[in-house]
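Below you'll find the structure, written out as structure tokens, and then a few comments.
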Amino acid sequence: MNEDNKITCPYCGTWVDQTEEVCPQCFAPLKPSQKAMVHEPEVPESAVAESSRNIEGPTKPAKQQPKRLAPTAIASMVLGILSINFSSLIIPGFILAAIGKRKANEGYDAIAANPDTYTGAGMLNAGRITSKVGLILSIVMIPFWILYFTLVAIAISEGY
């Protein structure tokens, strides 16, 4: 075929022979004819969808705002890590663990209230877990410190 005998489909841009009445790519009518007016050719639904996509161009999703990190996600994780670090001092470990767990719960509440706005459940989960670990370590340290101070008191009373 000669390129002079070809036209481009106005819907999808495919090069088509001038004698064609329907584009072989998107099944769109290329020129009106008596035959086309009397009887519409059957077109598969997938071809219609493909054709309409080509006519309208690629569909763009509605512009969404990027999700933001939950307001307390970083704080809960940092507090959880600090609670582990300070767990040997018991009281600071308890305090940091309690605040870290509370901040994680606030972040989960923010995500539940606005799931399209906030993200960061993984970071909140890390904050919650590290806070629990810090709390457990603080509890484990209580008997250690009792034993330590008991031994120190015995050593002092014995004159060591």
Side-chain angles (χ1 to χ4, degrees), residues 8-16 20 22-30 40-160:
T8 56
C9 173
Y11 299 104
C12 70
T14 303
W15 283 96
V16 181
E20 297 286 334
V22 177
C23 174
Q25 179 69 29
C26 68
F27 301 102
L30 295 174
E40 287 290 325
E42 286 189 49
V43 180
E45 284 187 48
S46 61
V48 172
E50 179 72 23
S51 153
S52 65
R53 187 170 31 133
N54 289 333
I55 292 170
E56 297 168 4
T59 56
K60 293 182 181 177
K63 191 170 186 176
Q64 293 179 339
Q65 294 293 336
K67 287 188 174 186
R68 295 180 299 172
L69 195 57
T72 58
I74 294 173
S76 69
M77 194 169 72
V78 169
L79 288 165
I81 292 168
L82 287 174
S83 73
I84 292 172
N85 289 333
F86 287 99
S87 63
S88 62
L89 301 176
I90 302 172
I91 302 296
F94 274 128
I95 292 169
L96 291 168
I99 296 171
K101 188 162 181 338
R102 177 68 186 136
K103 292 295 180 186
N105 290 339
E106 287 175 13
Y108 279 119
D109 292 343
I111 290 174
N114 301 307
D116 295 334
T117 304
Y118 294 119
T119 186
M123 194 176 284
L124 291 167
N125 197 30
R128 181 182 279 177
I129 290 170
T130 54
S131 294
K132 286 180 182 179
V133 169
L135 181 65
I136 291 168
L137 289 175
S138 293
I139 291 169
V140 167
M141 291 306 291
I142 293 172
F144 169 80
W145 283 110
I146 291 172
L147 179 63
Y148 174 79
F149 286 120
T150 303
L151 292 175
V152 167
I154 291 171
I156 290 173
S157 68
E158 295 288 323
Y160 289 108

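Just so it is clear, the values below take in all heavy atoms, side chains as well, and ignore hydrogens, waters and symmetry mates. Since the model is a prediction, treat every value here as computed from it, not as a measurement.
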Donor-acceptor pairs under 3.5 angstrom involving side-chain atoms of residues 74-81: please list them, not counting sequence neighbours.
unit_1	atom_1	unit_2	atom_2	d
Ser76	OG	Thr72	O	3.4
Ser76	OG	Ala73	O	2.9

If the condition is side chain to side chain donor-acceptor pair (under 3.5 Å), which residues does Arg102 pass it with, not counting sequence neighbours? none
Of all residues at least two apart in sequence or in a different chain, which pass the side chain to side chain donor-acceptor pair (under 3.5 Å) check with Asp109? none
Mind checking whether Leu124 and Glu106 have side chains closer than 4.5 Å, heavy atoms only? no
Quick one: which residue pairs count as a ring-ring contact (aromatic ring centres under 6.0 Å, His included) with a foot in residues 70-112, not counting sequence neighbours? none
What's the shortest heavy-atom distance between Ser83 and Ala97, and which atoms? CB-N, 3.4 Å
From Ile95 atom CD1 to Leu82 atom CG, the distance as rounded to the nearest 0.5 Å: 12.5 Å
Taking side-chain hydrogen bond (donor to acceptor under 3.5 Å, both in side chains) as the cut-off, I'd like each qualifying pair that reaches into residues 113-125, sequence neighbours left out, listed once. Arg68-Tyr118
Could you pull out every donor-acceptor pair under 3.5 Å between side chains of residues 132-154 and any protein atom, sequence neighbours left out?
unit_1	atom_1	unit_2	atom_2	d
Ser138	OG	Gly134	O	2.9
Trp145	NE1	Ser88	O	2.4
Thr150	OG1	Ile146	O	2.6

